[in-house]
Amino acid sequence: MAVKIRLQRFGGKKHPIYRVVAADSHYPRDGRYLEIIGQYDPNQKPALINVDEAKALKWLDQGAQPTDTVKNILSKQGIIAKFKDPKRK
């Protein structure tokens, strides 16, 4: 099972709100997921980003691949830097 960390779209027309989820790559974008990791709201200024660092690191350690957008979000939160830090393990 190939796990991806990706965005799941919610919200109304022209006002998206996204959940950051860990999901099997074969599941549809807005379909099943394994775990909710956080939330991303690009409509607010500045954009609202809530990501559970422990859950994100757990999935990254297990080999989950983040999409490009999620990788940027995790980088802004400093989670990718912590994941790559050799002293953490």
Side-chain angles (χ1 to χ4, degrees):
M1 170 167 52
V3 177
K4 292 247 182 211
I5 300 176
R6 63 181 179 199
L7 297 176
Q8 186 177 34
R9 190 180 195 280
F10 285 90
K13 184 177 180 181
K14 307 244 182 196
H15 297 285
I17 297 173
Y18 299 95
R19 282 184 186 164
V20 180
V21 297
D24 187 331
S25 62
H26 297 98
Y27 294 164
R29 179 194 73 182
D30 296 337
R32 289 174 44 188
Y33 55 86
L34 301 171
E35 185 173 24
I36 298 173
I37 297 174
Q39 181 180 355
Y40 170 59
D41 186 358
N43 298 317
Q44 297 184 14
K45 299 292 183 207
L48 174 69
I49 301 172
N50 293 325
V51 177
D52 187 337
E53 184 177 321
K55 289 180 183 179
L57 288 172
K58 178 188 86 165
W59 282 105
L60 289 170
D61 285 337
Q62 292 179 6
Q65 296 297 313
T67 60
D68 293 336
T69 305
V70 172
K71 192 170 188 177
N72 289 336
I73 290 171
L74 296 177
S75 294
K76 287 179 184 177
Q77 296 295 313
I79 296 172
I80 295 293
K82 287 182 182 177
F83 173 66
K84 293 183 178 179
D85 185 20
K87 294 180 184 176
R88 186 178 67 88
K89 296 183 180 185

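All values derive from a computational prediction rather than experimental measurement. Residue numbers start at 1 and run along the sequence shown.
Tyr33 and Ile17 are not part of a single hydrophobic cluster, where members link through side-chain heavy atoms under 4.5 Å apart. When the side chains of ILVMFWY residues are joined at heavy-atom separations under 4.5 Å, either directly or via intervening members, Val21 and Val3 end up in two distinct hydrophobic clusters. Note: the hydrophobic cluster containing Ile49 also contains Leu57 (ILVMFWY, side chain heavy atoms under 4.5 Å, direct or indirect links).
For the atom pair OG1 of Thr69 and OH of Tyr40, the computed distance is 8.0 Å after rounding to the nearest 0.5 Å. If you take NZ on Lys71 and CG on Leu60, they are separated by 9.5 Å, rounding to the nearest 0.5 Å. With rounding to the nearest 0.5 Å, the separation of CD in Gln65 from CD1 in Ile5 is 8.5 Å. Atom CD1 of residue Ile79 and atom CG of residue Asp52 lie 8.0 Å apart, to the nearest 0.5 angstrom.
Residues Arg32 and Ala23 share a closest heavy-atom pair of O-CB, 3.9 Å. Across all non-hydrogen atoms, the minimal contact from Pro42 to Pro16 is CD-O, 3.7 Å. What you find for Asp24 and Ala2 is that their closest heavy atoms are OD1-O, 3.4 Å.
No side-chain heavy atom of Ile37 sits less than 4.5 Å from a side-chain heavy atom of Val70. Contact annotation: the side chain of Tyr27 approaches that of Arg6 to within less than 4.5 Å [non-hydrogen atoms, C-beta and beyond].
Listed by chain and residue number, Lys58, Trp59 satisfy the side chain to side chain donor-acceptor pair (under 3.5 Å) test with Glu35 (two or more places apart in sequence, or in another chain). Contacts of Asp41 classified as side chain to side chain donor-acceptor pair (under 3.5 Å), with partners at least two apart in sequence or in another chain: Asn43, Gln44. Under the side chain to side chain donor-acceptor pair (under 3.5 Å) criterion, Lys76 pairs with no residue at all, not counting sequence neighbours.
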Original post:
Please walk me through it: do Leu74 and Val20 pass side-chain contact (heavy atoms from CB on, under 4.5 Å)?
Top reply: CA-CA 10 Å; Leu74 296 177; Val20 180; 5.5 Å; no
Subject >> side-chain contact (heavy atoms from CB on, under 4.5 Å) assessment of Glu53 paired with Gln77 >> reply: CA-CA 9 Å; Glu53 184 177 321; Gln77 296 295 313; over 6 Å; no
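In this structure, Asp30 contributes its side chain and Arg9 its backbone to a donor-acceptor pair below 3.5 Å.
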